[in-house]
Amino acid sequence: MLESLKNLYKEAVQTALLAHDNITGEWYHLFSVIELLPEDILSYNIPNDEWKHNTVRAKLSSKTDSYSFYLTINPIKTIEEALKTFSNPIGNTKISNFNIQFFNSAFIAEPSNEYPLIFSSNIYSRDGLDSVLPRRDSGLYAWTRIDYLRVVQNLFDSSTISKDMKAMSQLTNDWLGFDIWEKPEHLGNIYLSAPNPYYRDIDISLSQDPVGIFYNIKTRKGIKNNFVFRAIDKHGDAIALDKTYKITNNFGLLPLPHEPHLFQLKIYDLEGNLIAFREPAVFLKSIQMNMAIKQADFHVNVKSDDGDVNHVIEKYSAEKPSVIGKPTDFNAAYYFKHAASQRKHIEHKETNQFILFLGGKTIDEKLRIKTGAKEKIREIINLSNETCYLCDPYFNSKDLIEYAFYIKNSGVTIRVLNSKEFINKDEAKNIEEVLKEYNSKPFGKIEVHTLRGKSILHDRFIVIDKNVWLIGSSFNEFGSRATTIAKVPDSSQIEIIKEIEKWFFNTEFSQPIEDYANE
């Protein structure tokens, strides 16, 4: 497909993040995008004094450092040369007459053929591949070469934010609209990006009489308008319409049998190739705005050990809704989906995502709930295959027996983290004795470390391999009163695990319970 598209583009430009070796003078590739440009998109122009010869240096870079970091934007002479550079970057990448070296020695292509990844025209994600590519209303085609061994990322990655990382972050934040170190999966990669070559944009709007969708295609210069539109309309989780239309005019009406609810448009060429699409979207029929009027500033003076503190709190009237258009009282399309969403808590409980234990009033109720809560924690910790961390500043010898001992897989490494602030010397000796008894058996070992000084740990965590749960009270009181177990979202688990491992293994933060017991 790339071969058939290349004649629709007139220019190519490469935007590259480079490292300059201040000792050898070599230039190294860190990240780049080659963009193919059709005739009606202007070439890049950077009217800024910070740039010299299409290049800007990171302010944090210094010639006394191992590397200085630069961002450069340079034209490529021909489309053929651009495709050659992208297809075989190593040995074929030249910027401002400098041969660009690569830290990595291999790439993997995605997709693995000449067909592109296609990104929609009306949605740009915050974290996807399209978030690091040039933004175009027409949508994008993209091909990738990935540093799959993560050579570049590993070369500069550090447990703390280094000067090199800050320099790269500054350049990409200032000029590319994203922080490369918030998205390190793009380091070392080279991308080929191309705006949709057939049209600049497609406007669509709702028609209620007759029922349908108005469209207006803004084609590029020299392009004949022969497309196939595929209209898909979803009602809740079900497809209510999936119909194709042959398009020969720049504007017109797509007649529909009913008003659309969640409407998606896919565009194909006459050979059946998908060339663009628009993300599913709804058409607004009414807008509600909530307005509140500021009434006054409320001043209150609070006495504290640090002296008097004056708080100023703004007070507003209750929000009053203002509606433009006619709101729908009953949404039939989402009737079943809405009903199912009300039962989502059942699924969360069954999959250990979120469980609420209500506090009991009578002794029997409290005992029943506490027993059930304890069994649920035992069920969760027995999901572990490799490691299990039990983190609670109050975790004591009784908790070791009631929880850690109950992990059935003898191959699991069990680590407990508590706090010297809440575990006294006598209890530390109790824990030591319990550990000796357990660790003398032919099972896996249990390690207990206690945090030094005032506890850095407040919340209670369970870490099962790479999954993290937050529990609402200490293990020894769990279930006595209303409390919860909540699984931490995937994106936050790594951050929590890194901190827990740091607290456990770094002697600055903690020490083995045996050392504390015998001080």
Contact summary for [X] and [Y], nearest pair of heavy atoms:
X      : Y      : answer
Leu36  : Pro195 : O-CD, 2.9 Å
Leu253 : Ser207 : CD1-CB, 3.9 Å
Ile190 : Phe107 : CG2-CE2, 4.2 Å

- Query: Applying the ring pair (Phe, Tyr, Trp, His ring centres under 6.0 Å) test to Tyr28, which of Phe102, Phe103, Phe156 qualifies?
  - Reply: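 For Tyr28, the ring pair (Phe, Tyr, Trp, His ring centres under 6.0 Å) test succeeds with only one of Phe102, Phe103, Phe156, which is Phe103.
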- Message: So if I apply the side chain to side chain contact (heavy atoms under 4.5 Å, CB included) rule between Trp27 and each of Asp21, Ile100, Thr93, which one comes out positive?
- Response: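 Exactly one candidate clears the test, Ile100.
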Centres of the [X] and [Y] rings: under 6.0 Å?
X      : Y      : value
Phe229 : Tyr245 : no
Phe277 : Phe119 : no
Tyr115 : Trp143 : no
Phe505 : His449 : no

Is it true that [X] and [Y] have a side-chain N and a carboxylate O under 4.0 angstrom from each other?
X      : Y      : result
Lys466 : Glu386 : no
Glu81  : Lys84  : no
Glu501 : Lys498 : no

- Item | Test side-chain hydrogen bond (donor to acceptor under 3.5 Å, both in side chains) applied to His348 and Thr351, step by step | CA-CA 5 Å; His348 289 162; Thr351 57; over 6 Å; no
- Carefully, step by step, assess Thr72 and Asn74 under the rule side-chain hydrogen bond (donor to acceptor under 3.5 Å, both in side chains). CA-CA 6 Å; Thr72 181; Asn74 283 279; 2.3 Å; yes
With a sphere of 6.0 Å drawn around [atom1] of [X], does it hold more than 12 non-hydrogen atoms of other residues, nucleotides or ligands?
X      : atom1 : result
Lys445 : NZ    : yes
Ile494 : CD1   : no
Lys163 : NZ    : yes
His311 : NE2   : yes
Glu26  : CD    : yes
Lys454 : NZ    : no

Working to the nearest 0.5 angstrom, can you tell me the gap between [X] [atom1] and [Y] [atom2]?
X      : Y      : atom1 : atom2 : value
Gln170 : Leu71  : CD    : CG    : 10.0 Å
Leu8   : Ile79  : CG    : CD1   : 10.0 Å
Ser120 : Glu279 : OG    : CD    : 4.0 Å
Lys234 : Asp242 : NZ    : CG    : 11.5 Å
Ile202 : Arg278 : CD1   : CZ    : 7.5 Å
Ile73  : Glu35  : CD1   : CD    : 10.5 Å

Taking [Y]'s backbone N and O only, do any of them form a donor-acceptor pair with [X]'s side chain (distance below 3.5 Å, no angle check)?
X      : Y      : result
Tyr141 : Ile275 : yes
Thr55  : His53  : yes
Thr172 : Ile180 : yes
Ser492 : Val488 : no
Thr144 : Glu110 : yes
Ser112 : Ala109 : no
Glu421 : Ser455 : yes
Arg135 : Asp130 : no
Asp233 : His261 : yes
Asn418 : Phe395 : yes

- Query: Can you list the steps and then say if Glu50 with Arg57 is a salt bridge (charged side-chain N to carboxylate O under 4.0 Å, His left out)?
  - Reply: CA-CA 8 Å; Glu50 293 182 47; Arg57 184 171 68 87; over 6 Å; no
- Looking at Phe86, is Arg145 sitting on its ring face, NZ or CZ under 6.0 Å from the six-membered ring centre and within 45 degrees of the normal?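 Yes, a cation-pi geometry.
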- Message: Regarding Asn352 and Lys487, do their side chains bring together a donor and an acceptor under 3.5 Å, going by distance alone?
- Response: no
- Consider only side-chain N and O atoms of Asn92 and Asn88, and report whether a donor and an acceptor are under 3.5 Å apart.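 No pair is found: no donor N or O on one side chain lies under 3.5 Å from an acceptor on the other.
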- Task: Applying side chain to side chain contact (heavy atoms under 4.5 Å, CB included), run through Lys420 and Leu451 and close with a yes or a no.
- Result: CA-CA 6 Å; Lys420 186 184 286 190; Leu451 290 162; over 6 Å; no
- When you look at Ser138 and Arg220, which way does the side-chain hydrogen bond (donor to acceptor under 3.5 Å, both in side chains) test go after all the steps? CA-CA 10 Å; Ser138 59; Arg220 297 197 186 279; 3.2 Å; yes
- Message: Set out, in order, the CA-CA distance, both residues' side-chain angles and the distance that settles ring pair (Phe, Tyr, Trp, His ring centres under 6.0 Å) for Tyr191 and His186, then state yes or no.
- Response: CA-CA 9 Å; Tyr191 300 129; His186 299 292; 5.8 Å; yes
- Query: Under the side-chain hydrogen bond (donor to acceptor under 3.5 Å, both in side chains) criterion, do Ser384 and Asp465 qualify, and how do the steps go?
  - Reply: CA-CA 6 Å; Ser384 54; Asp465 300 329; 5.6 Å; no
